[in-house]
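Everything on this sheet refers to the single structure shown next.
Start at 1 and go down the list; that is how both ligands and their atoms are numbered. Heads up: numbering here begins at 1 and tracks the sequence. Treat the numbers as computed from the prediction; the structure is a model and nothing was measured.
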Amino acid sequence: MKRGFLKAKTVVTPQKSPVEEAALNPSPFIGDGGYMYCTIPQDAPPNEPVSECCLPPETVANLLKIPGFPHPMQPIVEVLFRLGESPEKGLGLFATRAITQGEVLLDRRPLLVSSMSQRPLTTKALEAMIAKISLTGQPPNPHKILSSSMETIVGRMRPENRAAYMALANSTPDSPVLGIFDTNGAGIVDAELNDNGGPTCTYSAVCDIISRMNHSCCPNTSRVFDKNSFSIRLYAARNIAKSEELTFPYVDLLSCKADRQENLDEYGFVCTCHACVDPASDDHREDIHEFEFDPPRLLKWARDKTLPDDWLLKKCYRQLELLEQEGLQSIDEYWEVLADLSRVYLCFGDIKNAREWAARAYQCQWIHCRRFDRADIDVILGDKYEQSAFWCLRQR
Ligand SMILES: C[S@@+](CC[C@H](N)C(=O)[O-])C[C@H]1O[C@@H](n2cnc3c(N)ncnc32)[C@H](O)[C@@H]1O
């Protein structure tokens, strides 16, 4: 090199990844698909847990209309589980003491809540898509759209939440950001998040601790999303022994074993739980599924004196036995049969037994709190039970 000449340096500005780009802009905004990217709760102090969300703007507006939103989460005074290795399943959660049915194990804000994958496109998004096709001749790639949405959400997370998210399992061949969403996203039903007039869709939530739970077709926990506190509450759906693994279902529990396994294939494992190895389980689950719950049937029996007194009781006890045998205390059918037993005893004018069954239905808060017909149970547990349509109906 000649003296006096410096070797020219090309200044390369390192390109930011989409996650880094998103981290630069933490304010809420409406993205291409018409979804709102926002932090919930908004303007939270650093010690308040937050969720990064991608939701229809109407859903966000409805949440913000809840008086006092967000309500405080349920304080948990004792940690009842630990994170540990589960043979052949990676990490999992294990009870550190015997837990009683109905105990709350955790109440926690998700790291992420998104409706991106399920929501029909908004008109604006559809127009943008059509414009893009006419410009490039190529339809946009839904996989790319979802992936870029996830990068935006993850980029907006607080660093500690992002680290917790990135440490979760990825059982897919996809990029970590998208694969973690697919492996760990658990559904929040529309009614739990958006029961006052927003667009109908389902939402997926990814959590730091709860997402460590492995699947079982006889799960011992159940979760409820409480939109008031914007948190997921985890309940013991039945008594759990010390050291037992805490489990949650990834698929519909009343479908047959083959269908359940087909849906589990995307998680990359073969389920070997009790129900999947018991040859009688499919028939039991079909019987549970076919059991009719409805007050009209109860009214028909109560008024039809040609049917034996114990006609409905026997059916209900059999249903309860099957549900307990199959380990299905987490599903709605369990609450329904407890509620039916309570109503049947009310028809006999037996308030003591009616209340015992009603108390058991009430104890299933993971179902009770979202049942539109829970008023019956509240009436039986209160002092106005004689005003119920079922009171002494069989004796009239
Ligand atoms: C939501 S994660 C559960 C936590 C995960 N075990 C971990 O280490 O973080 C889902 C993944 O866990 C594993 N898994 C969950 N349930 C399982 C089961 N019953 N049998 C085998 N593997 C399971 C699968 O790899 C699945 O894709």
Centroid-centroid distance, Phe348 to Trp301, less than 6.0 Å: yes
Test item: side-chain donor near acceptor, Thr172 and Tyr267, under 3.5 Å: no
Near ligand 1, at a heavy-atom separation below 4.0 Å: residues by chain and residue number: Glu88, Lys89, Gly90, Leu91, Ala169, Ser171, Thr183, Asn184, Ser211, Arg212, Met213, Asn214, His215, Tyr250, Tyr267, Phe269
Heavy atoms of other groups near Gln74 CD, more than 12 under 6.0 Å: yes
Residue pairs, two or more places apart or on separate chains, that pass salt bridge (Lys or Arg N to Asp or Glu O under 4.0 Å) and touch residues 264-284: none
Ring centers of Phe230, Phe225 separated by less than 6.0 Å: yes
NZ/NE/NH1/NH2 to OD/OE distance under 4.0 Å, Asp252 and Arg260: no
